[in-house]
Amino acid sequence: MQSHMPKVVTRFAPSPTGFLHIGGARTALYNWLFARRHGGSFLLRIEDTDRARSTDAAIDAIISGMKWLGLDWDGDAVSQFDQAARLRSVTEELLAKGAAYKCYATSEETAALRAQARENGAVFLGDMWRDREPDADTASQPYSIRIKMPREGKTTIDDQVQGAVTVQNGTLDDMIILRSDGTPTYMLAVVVDDYDMGVTHVIRGDDHLNNAFRQAQIYNAMNWDIPIYAHIPLIHGADGKKLSKRHGALGVDAYAEMGFLPAAMRNYLLRLGWSHGDDEIITTEQAIEWFGLENVGRGPARFDFDKLDSLNAHYLRQMNPANILPLIENELENTIETKLSDTERNRILRALPSIVERAKRLPDIVEAARLYCSATSMPVTEKAAGMLIGKGSMIQAVAIELEAVTTWSSEVIKAAIMSFAQARDLKMGEVMQPTRAAITRGAPSGDLVDLLEILGQKEALSRLGDQADA
RNA sequence: GGUCCCUUCGUCUAGUGGCCUAGGACGCUGCCCUUUCACGGCGGAAACACGGGUUCGAGUCCCGUAGGGAUCACCA
């Protein structure tokens with residue numbers, strides 16, 4: 001960065017009408033990364049100009065989603081609604097400059113004209129009152145305020161992702177900037193707020209690309225510098241269709257509940273639409289170092305759970321067992337319907353490195369960890385039950401063999417089982433399979449001898465005893 | 001329908017005119033390892049939407065076609 005360049009300021013401006021969905025999360029991530037990359041600041045602004053649809057619950061959901069993802073913002077989250085007075089004064093200024101005008105058309109009238117324009121394949125410009133003075137009667141009626149768009153020439157935006165995009169000014173509609181109830185619309189609010197907050201780079205979904213041209217006219221009318229734009233493609237569902245609340249869009253809280261790690265989520269979202277050569281596993285530190293708008297893809301990407309799973313599995317394996325346990329504790333205790341004892345806790349801690357090898361999401365770990373709890377209520381799967389038919393006496397014999405073990409270590413346990421098999425002229429597998437079924441009751445697990453060791457002699461013998469009459 | 005955008009394996013992508021016999025990752029799959037399930041190791045199948053140009057040479061540039069997407073609110 002050149003020293004004379006202004007400090008980078010980005011922002012994430014969600015509307016509080018629902019949860020923080022996956023597309024918004026990625027937008028937030030890119031803004032955050034870009035700001036951190038350039039030593040700038042990243043702001044959070046709640047776009048609540050639509051009071052009727054904004055809720056406090058949604059604001060909470062957005063904030064907790066951001067925190068879960070590990071995206072911290074500078075300063076306090078700003079409410080757009082709080083700027084209402086400022087926005088009205090900007091409107092006054094626009095009016096005084098002749099860059100905006102009062103429109104007395106009713107919603108019904110406007111809708112009819114719009115429908116008609118569309119039918120004729122024409123652009124609806126909303127200019128019913130652009131060059132018209134109200135009579136005394138009309139002047140007392142409620143009015144909204146529309147911006148007066150230029151009709152000649154064209155506007156080009158040098159988008160950092162999409163490239164240079166040009167639009168004829170004649171296709172721009174005189175949009176409403178102040179509603180007839182005196183409240184500002186989003187179109188006015190974003191511009192003024194971005195300007196007031198000193199936002200230098202506007203990184204947002206490309207559903208806003210068309211808006212950029214309209215908003216640019218407000219900047220021009222106010223004689224403000226237009227920020228640098230970067231419109232990133234949207235995220236689609238696995239079927240290629242747009243992700244919407246009705247169609248597969250989930251809040252980040254839902255991903256948290258499914259057992260994904262924030263680190264995996266960040267890596268996945270980062271890579272979905274952005275790349276750094278062939279790199280796949282990218283830590284947040286590296287991402288901050290490498291992130292740039294020039295490497296953002298231009299086409300929409302589909303969401304793929306398989307890839308997220310594999311990334312999650314990767315990050316799970318990187319974690320320290322002591323840090324994983326707290327993440328699964330509650331779920332596990334709900335499953336076994338009792339508090340975890342210290343013995344169980346220790347067994348799980350020892351088993352975690354191997355459990356994590358075959359887990360993709362947190363619930364997989366909960367399920368596997370259950371094997372290390374002393375609960376005797378563990379159900380026996382059909383497959384395991386089949387494996388145990390007629391093997392009762394052998395299980396009992398194995399139990400007797402293991403009861404004789406004085407030093408409960410995996411080496412000794414394994415030696416005991418091997419000599420047991422040898423003495424009876426059985427293959428290892430013939431002994432191990434039923435023994436495994438008796439110990440795990442069919443639940444997937446890793447190395448059986450290691451499991452036996454961690455379980456402890458008492459628990460192991462108890463489980464074998466339970467199945468000795470099969 | 002108008003306007004704007006996009007188009008490399010099933011998916012995410014590398015690729016910025018010759019290094020491409022198109023690379024990586026996930027998924028799928030063969031073999032090996034193995035007491036189960038996994039992990040892992042070594043392989044495999046799998047893509048430049050189509051048609052025209054420009055050029056000595058095109059996945060890379062231009063045009064067209066097709067397909068996909070976004071947007072067209074007193075929502076954001």
Side-chain angles (χ1 to χ4, degrees), chain A residues 13-17 47-50 52-54 80 103 105-107 110-111 114 117-124 126 142-146 159 161-163 165-168 171-173 175-181 183-187 189-190 205-214 231 233-234 236 238 240-242 268 271-281 294-295 297-311 313 317 354-359 368 383-384 387 414 417 421 427-433 435-437 440 442-449:
Chain A
S15 65
T17 53
E47 219 90 306
D48 55 355
T49 44
D50 183 351
R53 302 202 312 165
S54 299
Q80 197 163 52
C103 171
T106 62
S107 302
T110 310
R114 195 192 329 275
R118 184 167 181 154
E119 205 169 306
N120 299 335
V123 183
F124 174 68
Y143 58 86
S144 58
I145 293 178
R146 288 180 183 270
D159 193 274
V161 172
Q162 308 292 342
V165 185
T166 302
V167 124
Q168 296 300 318
T171 66
L172 268 20
D173 68 311
M175 65 195 178
I176 290 177
I177 55 174
L178 202 74
R179 302 186 184 97
S180 53
D181 66 359
T183 60
T185 62
Y186 161 81
M187 285 295 175
V190 244
D206 75 4
D207 50 337
H208 283 289
L209 183 55
N210 292 296
N211 290 336
F213 296 95
R214 311 210 283 162
H231 289 93
L234 269 20
H236 287 180
K241 297 263 172 59
K242 183 194 177 187
Y268 179 71
R271 200 58 194 64
L272 189 66
W274 177 85
S275 61
H276 183 265
D278 283 338
D279 293 311
E280 296 288 345
I281 301 293
E294 62 281 0
N295 296 316
R298 261 147 299 182
R302 298 186 189 201
F303 194 89
D304 179 13
F305 272 105
D306 283 331
K307 193 143 183 177
L308 211 207
D309 269 334
S310 86
L311 241 16
R317 279 177 231 143
S354 91
I355 288 179
V356 123
E357 284 297 310
R358 65 217 80 212
K383 196 178 169 191
M387 202 104 69
K414 183 157 195 176
I417 294 175
K427 287 183 191 165
M428 267 302 261
E430 292 178 281
V431 181
M432 293 299 247
Q433 301 275 12
T435 303
R436 171 183 293 280
T440 68
S445 71
D447 185 274
L448 181 59
V449 175

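First the proteins, then the strands, lettered A, B, ... as listed; each starts at 1.
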Per-nucleotide protein contact along nucleotides 22-28 of chain B, 5' to 3', at a 4.0 Å heavy-atom cut-off (B base, S sugar-phosphate only, - neither), is -BBBSS-

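Atom CE of residue A:Met175 and atom OG1 of residue A:Thr185 lie 7.0 Å apart, to the nearest 0.5 angstrom.
Relative to the side chain of A:Arg317, the nucleotides B:rU35, B:rC39, B:rA70 differ in distance, and B:rC39 lies closest. Checked against B:rC12, B:rG1, B:rU35, the side chain of A:Arg118 finds its nearest nucleotide in B:rG1. If you check B:rA76, B:rC74, B:rC37 against the side chain of A:Pro444, the one that comes closest is B:rC37. For A:Glu47, whose side chain is taken as the heavy atoms from C-beta onward, the closest listed nucleotide among B:rC12, B:rA76, B:rC4 is B:rA76. Comparing atom distances between the A:Gln80 side chain and each of B:rA76, B:rU35, B:rC5 picks out B:rA76 as nearest. Minimum atom distance to the side chain of A:Met187 is reached by B:rA76, of the listed B:rC74, B:rC5, B:rA76.
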Donor-acceptor pairs under 3.5 angstrom involving side-chain atoms of residues 299-306 of chain A: please list them, not counting sequence neighbours.
| from | atom 1 | to | atom 2 | distance (Å) |
| --- | --- | --- | --- | --- |
| A:Arg302 | NH1 | A:Ala238 | O | 3.4 |
| A:Asp304 | OD1 | A:Asp306 | N | 3.1 |

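Remark: the A:Thr185 side chain and the B:rC74 base include no donor-acceptor N/O pair separated by less than 3.5 Å. A:Arg302 contributes no side-chain N or O that forms a donor-acceptor pair with the base of B:rU11 under 3.5 Å.
Between the P atoms of B:rC62 and B:rU16, the separation comes to 16 Å (whole Å). Straight-line distance between the C1' atoms of B:rU34 and B:rU13: roughly 35 Å, to the nearest whole Å.
With sequence neighbours excluded, the residues forming a salt bridge (charged side-chain N to carboxylate O under 4.0 Å, His left out) with A:Asp173 are A:Arg214, listed by chain and number.
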